[in-house]
Amino acid sequence: MTNFTGTWKLKTSENFEEYLHTLGVSHVTKKISTCSRPTVHISQDGDNFHIRVSSFRTAESNFTVGQEFEEDGPWQGLRLRSLVKWAGPGKLSCIQRPVSGEGQPIFWTREIVNGDLVLNLTFKNVSCSRVFAKTQETTL
């Protein structure tokens, strides 16, 4: 099993602004988000994960692979019901749906590729890819 534990700094990002636009993120938040260089802190113990993303705002989630959980969405006031599963050796996949009301699901995958953490995000028909380089072995 791949261990995702570490501190990861954004290295490259493709199509992130268009992805945020499709999500309905405000113009100001979109501009700040695309200019920021987030750091992702991951602590993993088997199937248990703690992920903290530090940027212009901090977002955290704690989850166990295979167990549904709730978390804050990519913009203010949105709560999501999320389910993360193993999508193969060293690859996590997640589907997120709004807790209240109807809405399109958000999908993401995380995997280690050539020593980098690759995050792929998809909403409707728009996808983006963000690659993070490891900066430290231990976190949190």
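Excluded from the calculations below are hydrogen atoms, water molecules and symmetry mates; all remaining heavy atoms, backbone and side chain alike, are included.
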Can you check whether [X] reaches [Y] side chain to side chain, under 4.5 Å on heavy atoms?
X: R130; Y: L10; value: yes
X: H50; Y: E60; value: yes
X: L20; Y: L23; value: yes
X: F132; Y: L119; value: yes

Are [X] and [Y] joined in one hydrophobic group, where the rule is that I, L, V, M, F, W and Y side chains link up if heavy atoms are under 4.5 Å apart?
X: F63; Y: I95; answer: no
X: V113; Y: V131; answer: yes
X: L83; Y: V99; answer: no
X: V53; Y: V118; answer: no
X: F107; Y: V84; answer: no

Go through it in stages, so that I can follow the logic: the residues are S33 and S36, the test is side chain to side chain donor-acceptor pair (under 3.5 Å), and I'd like the CA-CA distance, side-chain angles, deciding distance and then a yes or no. CA-CA 5 Å; S33 295; S36 71; 5.5 Å; no
Looking at [Y] and [X], is there a salt bridge between them, counting it only when a charged N and a carboxylate O are closer than 4.0 Å?
X: R81; Y: E68; value: yes
X: K11; Y: D116; value: yes
X: E17; Y: K31; value: yes

K134/L117 under side-chain contact (heavy atoms from CB on, under 4.5 Å): CA gap, chis, key distance, verdict: CA-CA 7 Å; K134 194 172 211 177; L117 175 67; over 6 Å; no
Roughly how far apart are [X] [atom1] and [Y] [atom2], rounded to 0.5 Å?
X: I106; Y: R97; atom1: CD1; atom2: CZ; answer: 11.0 Å
X: R110; Y: S93; atom1: CZ; atom2: OG; answer: 11.5 Å
X: N120; Y: N15; atom1: CG; atom2: CG; answer: 11.5 Å
X: S43; Y: F49; atom1: OG; atom2: CZ; answer: 9.5 Å
X: N125; Y: T22; atom1: CG; atom2: OG1; answer: 6.5 Å
X: S127; Y: E18; atom1: OG; atom2: CD; answer: 11.0 Å

Could you tell me which non-hydrogen atom of [X] sits nearest to which non-hydrogen atom of [Y], and how far apart they are?
X: W8; Y: G115; value: CZ3-O, 3.5 Å
X: V65; Y: K85; value: CG1-CA, 3.7 Å
X: P38; Y: S55; value: CB-CB, 3.9 Å
X: K124; Y: T122; value: O-CG2, 3.9 Å

Backbone N/O of [Y] and side chain of [X]: donor-acceptor pair under 3.5 Å:
X: R52; Y: H41; answer: no
X: T34; Y: K30; answer: yes
X: T135; Y: T7; answer: yes

Check the orientation of W86 and F4. Use parallel for under 30°, tilted for 30 to 60°, and perpendicular for over 60°.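 The arrangement is tilted - the two ring planes meet at 30° to 60°.
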Step through the shown structure and confirm whether more than 12 heavy atoms of other residues, nucleotides or ligands are within 6.0 Å of CD on E14.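 Counting other residues, nucleotides and ligands, CD of E14 stays at 12 neighbours or fewer.
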Is there a donor in the side chain of T64 and an acceptor in the side chain of D47, or the other way round, less than 3.5 Å apart? no
As a quick check of understanding, evaluate side-chain contact (heavy atoms from CB on, under 4.5 Å) for E71 and F69, giving each step before the final call. CA-CA 7 Å; E71 64 181 323; F69 64 101; 3.6 Å; yes
Before giving the answer on side-chain contact (heavy atoms from CB on, under 4.5 Å), spell out for R79 and D72 the whole-Å C-alpha distance, their side-chain angles and the decisive distance to 0.1 Å. CA-CA 5 Å; R79 286 291 288 171; D72 290 327; 3.0 Å; yes
Which one of I51, T5, T2 satisfies the side-chain contact (heavy atoms from CB on, under 4.5 Å) criterion with Q44?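 Answer to the side-chain contact (heavy atoms from CB on, under 4.5 Å) test with Q44 among I51, T5, T2: T5.
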